[in-house]
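The structure appears right after this line, and notes come after that.
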Number of protein chains: 2
Amino acid sequence: MTSSKPADALTIEQQICYAMHTTVRAFDAVYRELLAEHGLSYPQYIALMAIGEHGPLTVGALGELMRLDSGTLSPLLKRMEAAGLVGRTRDRADERRVLVALTDLGRDRLAGVSEVPRAIAARSGLTLSQLAELRSTLERLTATLETARP
Amino acid sequence: MTSSKPADALTIEQQICYAMHTTVRAFDAVYRELLAEHGLSYPQYIALMAIGEHGPLTVGALGELMRLDSGTLSPLLKRMEAAGLVGRTRDRADERRVLVALTDLGRDRLAGVSEVPRAIAARSGLTLSQLAELRSTLERLTATLETARP
DNA sequence: CACAATTCTGTTGTGCACAATTTGATAGTA
DNA sequence: TACTATCAAATTGTGCACAACAGAATTGTG
């Protein structure tokens with residue numbers, strides 16, 4: 001019962017899914033470590049930056065930016081609201097919408113994590129131009145993967 | 001209360017974490033779509049390939065390959081066992097260990113998803129050499145991120 | 001105006017992920 | 001032998017993710 005391995009068979013180590021998977025695990029661990037002292041999870045960190053940069057956002061607009069649906073964002077935002085980082089208010093103009101905005105504490109927290117990108121860049125061992133090129137590749141890849149969707 | 005944006009501030013769109021996050025979301029959606037008809041989740045697909053390629057594995061060894069701990073793998077493997085894809089047996093030589101191996105059905109299922117890597121490559125819009133280069137970059141990045149860990 | 005269709009958010013159920021702890025087995029040492 | 005330390009897997013608790021659905025508000029059409 002020896003396992004058969006044709007010469008043209010892709011081993012798991014040769015597949016893009018495995019490379020992406022292990023890289024994400026590694027990034028996740030480093031972000032977890034850097035964000036722990038700030039009381040933020042990785043998704044909360046991204047949400048904090050997105051809201052801070054794009055002002056008050058509806059849940060749907062934040063979901064488009066983060067590629068998450070309401071089933072993920074609603075409980076995540078409630079936890080951030082409970083932590084005092086964001087405020088959620090109904091949009092007067094359209095009562096179906098909920099506007100999410102940073103509180104003063106949220107802005108302070110955002111300022112407190114401003115050195116994280118630099119720390120991540122250092123940990124990655126890549127030069128700024130290598131990072132920029134990787135980012136560019138990932139952006140094109142994301143765009144292609146998303147356009148092919150039904 | 002206009003948001004202040006210094007010229008040197010990184011916008012979220014310029015950060016590697018955001019690019020990785022959106023790419024992972026996009027990959028996840030495509031894999032979910034391709035694997036749905038086979039009754040596999042993305043982590044289950046990776047586990048299936050890893051076990052099929054590296055023969056019977058302990059939970060710990062599979063965890064090293066997949067960068068997952070027992071808290072994630074135990075229930076995942078139990079679901080795969082319930083689906084008839086893998087068998088779990090205590091290692092006679094060391095009763096602390098559990099050996100995970102593919103069943104005949106698991107091998108059939110693995111053969112059934114053999115075209116997935118090619119489909120993913122096509123969806124990515126990248127050439128084989130571009131994919132290989134991206135994979136190489138990710139592998140080096142993963143190695144660096146993992147070595148810096150305490 | 002009435003009413004059907006659409007839009008937006010939230011809830012429920014299932015699966016994936018880790019930290020912390022528990023249970024059981026092995027190895028090492030007095 | 002007994003005692004400790006270590007190791008492997010499983011369990012528990014919390015958070016993140018989607019699919020499917022529910023409910024309220026808005027929009028479009030007659």
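Residue numbers begin at 1 in each chain, while the letters A, B, ... track the order of the sequences.
Closest to the side chain of B:Arg88, from the set D:dA10, C:dT9, C:dC18, is D:dA10. The A:Ser74 side chain lies nearest to C:dT9 when the options are C:dG15, C:dT9, C:dC18. Of the candidate nucleotides C:dG10, D:dC18, C:dC18, C:dC18 has the atom nearest to the side chain of A:Arg32. Distances from the side chain of A:Asp69 to the nucleotides C:dA17, D:dG15, D:dC18 place D:dC18 closest.
B:Glu81 places its CD atom 15 Å from the P atom of C:dG15, with the value rounded to the nearest Å. Taking atom CD of residue B:Glu64 and atom P of nucleotide D:dA8, one finds them 9 Å apart after rounding to whole Å. Going from atom OH of B:Tyr31 over to atom C1' of D:dA17 covers 18 Å, rounded to whole Å. Atom CG in B:Leu76 sits roughly 14 Å away from atom C1' in C:dC18 (whole-Å rounding).
At the heavy-atom level, B:Gly71 lies under 4.0 Å from base atoms of the strands shown. Within the 4.0 angstrom heavy-atom criterion, base atoms lie near A:Thr72.
Residue A:Ser70 places no side-chain N or O under 4.0 Å from the OP1 or OP2 atom of C:dG10. Phosphate contact (OP1/OP2 of C:dC18, side-chain N/O of A:Arg25, threshold under 4.0 Å): present. Close to C:dT11, at under 4.0 Å from its OP1 or OP2, lies a side-chain N or O of A:Lys78.
Mapping A:Leu77 and A:Asp28 onto DNA chain C by nearest heavy atom places A:Leu77 closer to the 5' end of the strand. Between A:His21 and A:Ala61, the residue whose closest nucleotide on DNA chain C is further toward the 5' end is A:Ala61. Take the nearest nucleotide of DNA chain D for B:Arg90 and for A:Leu68: the residue whose nucleotide is more 5' is B:Arg90.
Of the residues in residues 93-100 of chain A, those placing a heavy atom less than 4.0 Å from an atom of DNA chain C are A:Arg96, A:Arg97, A:Val98, in numerical order.
B:Cys17 is not listed as a side-chain neighbour of A:Phe27, based on a closest heavy-atom distance of 4.5 Å or more.
Under the 3.5 Å distance criterion, the side-chain polar atoms of A:Thr144 are matched with a main-chain donor or acceptor of A:Arg140. Between the B:Thr103 side chain and the B:Gly87 main chain, no donor and acceptor come within less than 3.5 Å of each other.
Donor-acceptor pairing under 3.5 Å is recorded for the side chains of A:Glu13 and B:His54. Using a 3.5 Å distance cut-off with no hydrogens or angles, the side chains of B:His38 and B:Gln44 do not pair a donor with an acceptor.
In this structure, A:Leu145 and B:Arg123 approach most closely via the heavy-atom pair CD2-O, 3.8 Å.
For the side chain to side chain contact (heavy atoms under 4.5 Å, CB included) with B:Val86, the lone residue among B:Leu57, B:Leu102, B:Leu76, B:Leu105 that qualifies is B:Leu102.
Base pairing of C:dT9: its partner is D:dA22, meeting the Watson-Crick or G-U wobble criterion (both donor-acceptor distances under 3.5 Å).
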